[in-house]
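To start, the structure itself, in structure tokens.
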Amino acid sequence: MIKHDLHELDFSSCEHENLSKAKESLGSSCWSAMSTLSQDNVLAEPYKLKIVQPTQRVADAVRRQALKRAFYNVYLLPSEHVYVDLLTETGTGAMSDRQWAGLMIGDEAYAGSKNFFRLQRATQEVLGLEFVVPTHNGRGAEHLVANIKVKAGNYVATNWGSPSAIEHFKRAGAEVYDISGSYELHENFDFKGNVDVERLEALIHEVGPDRVSFAHVKLCVGPLGSHPASLANLKSLRDLTGRHHIPLVLDLSYAAENAWFVREREQGHSNKTVASIVKKIANLADVAILNCREACYANVGALIATNDATFHQEVRALVVVFEGLFTYGGLNGRDMEAIAVGLYEMVDENNLRWNLTLLRKLSKLLQGYGLPVVLPEGANGVYVDVKALLGEAGPNDHPARALAAFLYATTGVRVGVHDQLFNGCQHELLAVLVPKRCYTALHVEYAAEALRYAAKNAKSIRGLRSISPQAHFLDARFSIVGTLPRYVRFYAETVPEPYRAKAVEPIATNSREFREKAIKEAGYNTFLLRSEDVYIDLLTDSGTSAMSDYQWAGVMQGDERVGSPNFKTLQDAVQEVLGYRYVVPTHQGRAGEHILSQSLIRKGQFVPMNMYFTTTREHIEMAGGTYVDVIIDEAKNPESRHPFKGNVDLKKLRRVIEEKGEDQIAYVSIAPEVNMAAGQPFSISNIKQVSKICHDRGILLIYDATRCAENAWLIKDREPRYHNTSVKEILKEMMSYSDGCTMSGKKDCLGNIGGFIGINSRRLYERFCRMVSIYEGTRYDGGMSGRDMEALARGVYEMIDDEYIGSRVRQVQYLGKLLLDAKVPIVEPVGGFAVCLDAKRFLPHIPQDEFPAQMLAAQLYVNSGVRSMERGVVSAGRDHKTGRHKYPQLELVRLTIPRRVYTSSHMDVVARSVMDLHNQRATIGGLKMIYEPPQLRFFSARFEPMEGH
Ligand code: P71
């Protein structure tokens with residue numbers, strides 16, 4: 001859990017929820033054997049976020065108004081007014097990157113689309129069924145099946161799993177007969193989804209098999225929540241229907257979850273794969289329906305699959321009437337492709353395990369808060385028994401709906417309702433349905449807090465009255481009995497990420513043996529690993545951000561012609577957000593450094609900096625300049641808790657200028673959030689003075705603005721005068737003290753590539769432009785594509801969103817806090833983009849010329865697949881004059897957190913692994929360098945362990 005307010009964090013004394021809390025809530029089974037991370041103990045999402053969709057907090061007044069306009073029916077609320085949306089997980093989850101890629105290879109042919117054949121193959125491989133007809137969604141499939149299979153006046157026996165199916169059966173003239181098991185809501189039984197086979201048998205005896213059109217069973221849904229059926233139960237159902245030649249229609253939308261529970265709870269299946277159990281279940285069916293919105297992470301579509309050639313012909317004949325052609329069934333080619341990919345993901349056990357882990361976490365939290373949760377936990381959500389919660393004192397009229405309305409109005413969390421209106425459900429349930437791969441542990445914690453709050457304040461809810469008696473539950477309208485009760489404003493301790501996942505990218509786990517081999521082959525250099533062999537990649541935050549959906553929309557709007565408007569968007573963004581007059585695009589940061597250094601430095605000149613950065617110094621030196629360090633001494637002491645260790649030592653700065661002479665100073669180069677000092681910020685009061693010193697002497701002050709927004713946030717957090725100032729304003733002020741900047745667009749600006757120079761002087765602008773046209777591209781693109789400029793421009797606006805940047809930095813601080821609590825030596829205070837392990841204190845027995853940080857990074861990878869970066873003696877390189885290693889004071893391993901990519905659960909895994917290494921630190925030895933390139937050696941140097949290790 002991340003505290004709302006960082007001011008509350010006092011690292012020395014604060015008692016903070018740490019890993020043991022996380023461990024508790026995730027269930028201890030996940031935490032065993034952590035030292036060798038493998039697929040069997042996934043603790044965090046088995047994916048990273050790839051596209052995020054920002055969510056807005058919604059003001060109280062807006063929510064109340066929205067609820068009124070929605071006639072107190074949460075299903076009628078506009079989603080943009082919902083903060084955390086747990087209304088339904090059907091069609092609302094995040095597609096994988098491969099599914100999104102599938103959209104791009106949609107073959108929009110009318111007949112015989114490529115994507116249909118891929119879909120057919122996936123159906124055969126995953127379900128083991130030969131024939132498939134797609135339909136536009138579940139209702140489309142149910143409609144066709146009802147139309148073909150129902151004989152008017154006959155019975156359809158169903159477990160009441162799908163309200164829309166029942167509607168279709170009735171419309172086709174069937175008498176609907178309930179064969180759902182008769183379990184109590186709170187009965188503790190593993191398979192409350194079991195079908196009442198005896199009841200079906202009784203029906204067959206009573207009316208004769210000819211009068212039963214078919215049996216219809218939807219797995220893992222129903223009036224009690226989302227409970228599975230045992231394989232034995234399904235088999236006996238199959239035996240019965242088979243004996244009487246009654247077709248069995250199985251809705252397999254939750255077959256994978258059902259299979260998971262079969263393996264977990266039913267004897268004799270513990271060594272089977274989910275995929276094999278799914279196939280087994282599917283093969284019990286004469287007709288299978290699959291709602292792809294529920295089953296396979298798709299936003300649209302369903303399938304009818306069968307081995308029955310005659311039935312298949314019938315479906316093909318009818319699909320053209322209601323849906324489309326048999327090779328597209330009312331779907332885009334691209335959606336068929338996304339479904340085909342999704343079918344394989346449906347039986348992916350890493351995904352399933354995590355989805356269910358998150359649900360279990362939610363259930364445990366709610367139970368801990370004393371809410372009456374339906375147990376055992378089911379497949380698609382957590383159900384809260386509102387009658388038990390509110391008791392006699394609660395309202396009689398639609399209590400669950402009233403509670404859902406109150407929950408939304410007060411907290412912005414929306415949940416579903418299962419009641420009489422929903423499928424004639426006899427209970428009053430809040431259905432907390434978590435969209436798959438979309439929300440994180442923090443969202444779930446927030447929702448749990450919201451539910452606790454609503455439950456506590458619900459006593460005074462008076463209920464809702466229906467004003468639309470015949471309406472479907474989605475459209476029903478209500479008036480409120482009395483008024484919404486007065487309430488104490490909701491305050492959550494948990495601050496969830498201000499976005500949800502819209503696309504995810506699977507990440508690999510592998511064995512320790514595999515990683516030992518991989519790091520050896522990489523010469524113990526994490527730069528030389530293949531990313532596909534990395535589990536959690538904390539090498540860098542550079543170019544690794546997840547872009548927002550809005551940025552991706554910008555990618556689509558890239559204009560690749562000469563004179564692209566995308567440059568103008570970028571120029572406007574830089575001028576508006578950073579305040580520079582002129583903008584010179586460059587393909588990334590170091591290109592700007594090249595141009596700047598070559599344009600401003602005369603051989604023999606000096607560049608004072610607040611610590612060096614590798615590429616920046618390289619370019620200064622290549623231009624014949626010399627870097628002079630003017631950062632405060634505290635920056636080099638990892639134990640100093642100075643809040644602004646990025647500050648310039650003004651005395652040092654004045655001295656350099658005096659000693660060298662003003663005209664020997666090419667410019668002063670200052671970096672916000674100093675990279676090599678573990679992300680330490682400077683303060684406004686310091687930079688103001690630096691600016692004055694420079695400008696009094698006619699010296700240019702140029703920023704390396706790479707992480708300027710994070711610095712601004714840290715100013716807001718740590719510099720008392722700025723607590724109530726927005727990041728946007730702080731940043732504008734910060735930048736106003738300089739004359740220009742280079743910028744790597746790959747960090748704070750949320751681009752995957754790109755950069756620019758901002759400059760106020762017209763003369764310098766022209767000079768830079770001449771260089772750009774030689775080395776980069778034109779002055780209107782800097783070698784970037786139109787789409788990248790557009791995405792970057794949009795990122796520049798997004799980086800100054802206080803919610804976003806706060807959440808970003810809090811995540812970093814959270815990891816730091818976990819490590820500090822465990823007494824792991826890290827650089828303090830924790831900066832805004834990385835947590836740095838202090839290798840000198842971590843491995844005091846390894847001398848610096850045996851590269852302790854390099855080895856620590858290698859061992860972290862071996863331990864858990866987490867990739868980090870050495871920032872010590874290897875990165876510092878050699879002294880050009882003496883040829884000897886430069887021995888930097890800081891010997892660090894940087895755990896760099898990409899933006900909007902990983903979750904707090906990933907941070908828990910990282911922390912756990914570092915602690916593990918710390919416990920066994922005495923066994924770790926040093927390295928010797930066996931290959932060294934001439935420049936920026938850290939990228940490609942190779943090492944091997946010292947003898948004896
Ligand atoms: C980082 C990077 C990327 C990197 C660069 C060199 C070695 C290892 C990793 C890049 C920066 C940066 C600062 C403060 C300029 C650049 C170059 N950082 N200034 O931290 O942090 O920008 O990568 O866009 O060319 O992993 P560029």
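By convention here, the first residue in the shown sequence is residue 1. Just so you know, ligand 1 is whichever comes first in the structure, and atom 1 is the first atom listed for that ligand. If you're wondering where the values come from, they're calculated on a predicted model, not measured in any experiment.
- In the vicinity of Phe938, heavy-atom distances shorter than 4.0 Å reach the ligand 1 atoms 7 (C), 8 (C).
- For the pairing with Val835, the side chain to side chain contact (heavy atoms under 4.5 Å, CB included) check across Val827, Val824, Leu892, Leu815 returns one residue only, Leu815.
- The atoms of ligand 1 that sit less than 4.0 Å from any heavy atom of Thr614 are 6 (C), 7 (C).
- Shortest non-hydrogen contact noted between Thr526 and Arg867 is O-NH1, 2.9 Å.
- Inclusion of Lys747 in the set of residues having an N or O under 3.5 Å from an N or O of ligand 1 is warranted.
- Residue contacts with ligand 1: Thr616 is placed with no nitrogen or oxygen under 3.5 Å of a nitrogen or oxygen of the ligand (distance criterion only).
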(request) Show your reasoning for whether salt bridge (charged side-chain N to carboxylate O under 4.0 Å, His left out) applies to Glu891 and Lys840. (result) CA-CA 6 Å; Glu891 177 75 18; Lys840 279 188 182 170; over 6 Å; no
(message) Show, in sequence, the C-alpha distance, side-chain angles and deciding distance for Arg515 and Asp533, and conclude whether the salt bridge (charged side-chain N to carboxylate O under 4.0 Å, His left out) test is met.
(response) CA-CA 8 Å; Arg515 293 191 296 266; Asp533 298 340; over 6 Å; no
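- Aromatic ring pairs are classed by plane angle as parallel below 30°, tilted from 30° to 60° and perpendicular above 60°; the pair Phe851 and His885 is perpendicular.
- Applying the 4.0 Å criterion to heavy atoms of Thr540 picks out, from ligand 1, the atoms 1 (C), 26 (O).
- Considering backbone and side-chain atoms together, Asn675 places an N or O closer than 3.5 Å to an N or O of ligand 1.
- Scanning the protein heavy atoms around atom 13 (C) of ligand 1, the nearest turns out to be Asp704 OD2, 3.3 Å.
- Ring centroid separation for the pair Phe939 and Phe527 comes in under the 6.0 Å cut-off.
- In this structure, Phe943 has its ring center at least 6.0 angstrom away from the ring center of Tyr524.
- Ligand 1 has Glu593 within reach: a non-hydrogen atom of the residue lies less than 4.0 Å from it.
- Ranking protein heavy atoms by distance to atom 9 (C) of ligand 1, first place goes to Met869 CE, 3.8 Å.
- Nearest heavy atom pair, residue Asp629 against residue Lys652, reads O-CD, 4.1 Å.
- In terms of N/O distances under 3.5 Å, ligand 1 is approached by Arg894.
- Heavy-atom contacts of Phe939 reach the following atoms of ligand 1: 6 (C), 7 (C), 8 (C) (cutoff under 4.0 Å).
- Of the options Val584, Leu578, Thr742, Val772, a side chain to side chain contact (heavy atoms under 4.5 Å, CB included) to Phe756 is made by Leu578 and by none of the others.
- With hydrogens and angles ignored, the 3.5 Å screen pairs a side-chain donor or acceptor of Glu593 with a backbone N or O of Thr616.
- Proximity of Arg590 to ligand 1, defined as any heavy-atom pair under 4.0 Å, is shared by backbone and side chain alike.
- Interface of Lys746 with ligand 1, defined as ligand atoms under 4.0 Å from a residue heavy atom, comprises 24 (O).
- Donor-acceptor pairing under 3.5 Å is recorded for the side chains of Asn566 and Glu790.
- Close contacts between ligand 1 and Gly589 involve ligand atoms 22 (O), 24 (O), 25 (O), 27 (P) [criterion: under 4.0 Å to a heavy atom].
- Geometrically, ligand 1 and Leu539 share no nitrogen or oxygen pair separated by less than 3.5 Å.
- When Phe527, Tyr612, Phe833, Phe613 are ranked by how near their heavy atoms come to atom 12 (C) of ligand 1, first place goes to Phe613.
- From the protein, the heavy atom lying nearest to atom 17 (C) of ligand 1 is Thr615 OG1, 3.6 Å.
- Residue, atom and distance of the protein heavy atom nearest to atom 24 (O) of ligand 1 are Ser744 OG, 2.6 Å.
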